[in-house]
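Structure first, commentary second.
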Amino acid sequence: MGFARILVCLLFYSSFTTISVAQQAFKCTAGKACRSLVGYKSPNTTSISSIQKLFGVKNRHSLLGANNLPLSTPSNYVIREQQVIKIPIPCICFNGTGASNKMPIYTVQPDDTLYYIANNVFMGLLKYQRIQQVNQIENPDLINVSQELWIPLSCSCEKVDGESVVHYAHWVEEGSTVEEIAEMFGTTNDTLYRLNGIANNSQLYAETAFDVPLKACNSSVREDSWDSPFLVPNNTYFLTANNCVKCKCDAANNWTLQCDLSGIKPSSWSTCPAMQCEDSSLTVGNTTASSCNTTTCAYAGYNKDQTIFTTLATQSTCPVTTAPGGSPGNFASRIGLSWNYLFISIHLICFLYIFFN
Ligand SMILES: *[C@@H]1O[C@H](CO)[C@@H](O)[C@H](O)[C@H]1NC(C)=O
Ligand SMILES: *[C@@H]1O[C@H](CO)[C@@H](O)[C@H](O)[C@H]1NC(C)=O
Ligand SMILES: *[C@@H]1O[C@H](CO)[C@@H](O)[C@H](O)[C@H]1NC(C)=O
Ligand SMILES: *[C@@H]1O[C@H](CO)[C@@H](O)[C@H](O)[C@H]1NC(C)=O
Ligand SMILES: *[C@@H]1O[C@H](CO)[C@@H](O)[C@H](O)[C@H]1NC(C)=O
Ligand SMILES: *[C@@H]1O[C@H](CO)[C@@H](O)[C@H](O)[C@H]1NC(C)=O
Ligand SMILES: *[C@@H]1O[C@H](CO)[C@@H](O)[C@H](O)[C@H]1NC(C)=O
Ligand SMILES: *[C@@H]1O[C@H](CO)[C@@H](O)[C@H](O)[C@H]1NC(C)=O
Ligand SMILES: *[C@@H]1O[C@H](CO)[C@@H](O)[C@H](O)[C@H]1NC(C)=O
Ligand SMILES: *[C@@H]1O[C@H](CO)[C@@H](O)[C@H](O)[C@H]1NC(C)=O
């Protein structure tokens with residue numbers, strides 16, 4: 001009997017924990033959709049095409065680009081057990097948090113439970129309660145074989161400290177620390193604490209998704225372009241303008257996006273349009289150098305009328321005086337405090353309940 005009570009308390013406690021965590025992380029209030037990334041640690045040795053299918057990634061090139069794999073990678077390319085693959089997802093903001101927009105769609109298999117789907121198929125990237133919530137399932141124990149479920153993966157379109165970034169749902173390894181994660185992704189521990197609404201490492205939960213902002217390369221893409229905001233993070237590439245243009249981000253290149261003709265067949269146009277810069281002999285990707293400057297014909301976006309915009313971008317390699325920068329924003333999580341207060345209260349109630357019955 002005592003055991004059952006402890007169990008009830010534990011269950012209550014753990015569902016509360018998940019709710020409080022979900023309230024804080026992956027805050028998303030932006031009006032516009034964006035691209036986001038999710039880290040998936042494959043439980044099995046599998047192929048890149050199985051992962052593409054599981055996550056419903058429409059364009060295989062975007063999966064290859066997010067992992068910096070060559071465009072020629074075959075679909076049976078092996079993903080090892082425990083290997084982490086970055087999954088590109090379209091993100092929408094909804095009710096203050098971000099979710100992968102109506103994808104992946106998972107078809108329920110015999111013996112599946114929502115808990116198994118969340119924790120074993122999607123490796124704890126989301127809580128089963130989120131699947132229950134968005135699919136409006138009243139009783140989580142009642143799901144049917146062949147039923148199709150939307151799996152709302154965590155994401156965000158929010159700027160961080162005024163900068164447009166790509167949010168990465170990093171899957172936390174057992175025993176890792178916020179400082180390690182900050183170092184791994186070129187951000188600061190302070191930013192990660194603030195963004196995830198936690199105060200210290202004891203609030204970092206293993207095998208859950210942790211919001212990591214990835215700095216993106218600066219691009220010349222116009223705001224009215226169909227692919228705006230065009231954000232490509234370090235060491236990844238992205239095909240855009242119906243696959244006509246391939247843009248790569250390399251931090252070592254001063255965080256300047258490098259776009260070239262992709263050389264592959266466009267997805268919905270019969271051919272790729274001209275991509276020559278005005279008043280010049282350069283096409284997208286070409287560069288000329290003068291004594292002090294390099295001029296590049298840069299990709300600047302596209303529209304539905306099969307037009308690709310270009311612009312001449314001059315990068316000065318002359319020595320320049322650097323202006324002092326830095327604008328520390330403050331998304332401080334005051335909410336964190338009241339949640340913790342509730343948390344402790346429940347802890348106490350459970351404690352009293354178990355020991356005085
Ligand atoms: C929106 O979030 C609140 C809690 O922040 C929750 O109570 C409510 O059910 C959510 N609404 C929808 C439609 O998911
Ligand atoms: C892993 O592979 C085994 C055997 O191939 C399969 O039964 C199992 O469902 C797979 N697990 C996941 C999570 O896909
Ligand atoms: C699942 O099956 C039950 C019983 O057969 C049925 O009442 C219910 O509508 C089904 N739910 C869905 C989502 O298909
Ligand atoms: C960018 O990616 C490269 C290759 O993975 C890595 O060596 C480098 O540390 C990264 N730089 C930043 C600032 O993230
Ligand atoms: C966070 O980073 C700062 C500077 O990089 C460092 O001084 C500080 O000790 C770190 N905090 C923790 C808790 O490690
Ligand atoms: C971590 O932060 C929470 C909330 O501020 C606090 O209650 C807890 O004591 C801290 N734990 C450690 C190990 O510092
Ligand atoms: C990004 O590029 C634009 C022009 O293309 C420039 O005005 C801006 O200063 C650049 N920002 C950074 C952070 O380099
Ligand atoms: C990056 O910028 C610095 C100065 O701003 C310059 O000295 C350097 O050559 C640039 N590197 C590249 C690869 O453009
Ligand atoms: C521009 O780049 C293309 C390949 O993308 C190359 O064939 C062409 O010769 C280059 N033109 C100039 C002027 O550099
Ligand atoms: C380099 O570019 C700047 C504008 O970005 C221009 O004012 C300057 O004259 C150029 N210098 C050379 C040597 O072309």
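Not measured: the values here are computed from a predicted model. Hydrogens, waters and symmetry mates are skipped; everything else that's a heavy atom, side chains included, is used. Just follow the structure's listing: the first ligand is 1, and inside any ligand the first atom is 1.
For the side chain to side chain contact (heavy atoms under 4.5 Å, CB included) with I181, the lone residue among N189, T187, L204 that qualifies is L204. Of the residues listed (S36, C93, C34, C28), the one engaging S156 in a side chain to side chain contact (heavy atoms under 4.5 Å, CB included) is C28, and it is the only one.
In summary, the atoms of ligand 4 found under 4.0 Å from a heavy atom of N234, numbered by their order in the structure, are 1 (C), 2 (O), 3 (C), 8 (C), 10 (C), 11 (N), 12 (C), 14 (O). The atoms of ligand 4 that sit less than 4.0 Å from any heavy atom of W255 are 13 (C). Residue A199 has at least one heavy-atom neighbour below 4.0 Å for each of these atoms of ligand 6: 2 (O), 5 (O). Residue N200 approaches ligand 6 through these ligand atoms, each under 4.0 Å from one of its heavy atoms: 1 (C), 2 (O), 3 (C), 8 (C), 10 (C), 11 (N), 12 (C), 14 (O).
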Could you pull out the N/O contacts under 3.5 angstrom between ligand 9 and the surrounding protein atoms?
unit_1: ligand 9; atom_1: 2 (O); unit_2: N286; atom_2: OD1; d: 3.4
unit_1: ligand 9; atom_1: 2 (O); unit_2: N286; atom_2: ND2; d: 2.2
unit_1: ligand 9; atom_1: 11 (N); unit_2: N286; atom_2: OD1; d: 3.2

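The closest side-chain donor-acceptor pair between S225 and D227 falls under 3.5 angstrom. With 3.5 Å as the limit, one finds no donor-acceptor pair spanning the side chains of T314 and N293. With no hydrogens or angles considered, a side-chain donor-acceptor pair links E158 and T29 at under 3.5 Å. One side chain, N200 or S202, offers a donor N or O that lies under 3.5 Å from an acceptor on the other.
Ring geometry, F55 versus F122: the interplanar angle exceeds 60°, so the pair is classed perpendicular (tilted spans 30 to 60°).
Sorted by first and then second residue, the pairs that involve residues 37-46 and meet salt bridge (Lys or Arg N to Asp or Glu O under 4.0 Å), not counting sequence neighbours, are K41-E173.
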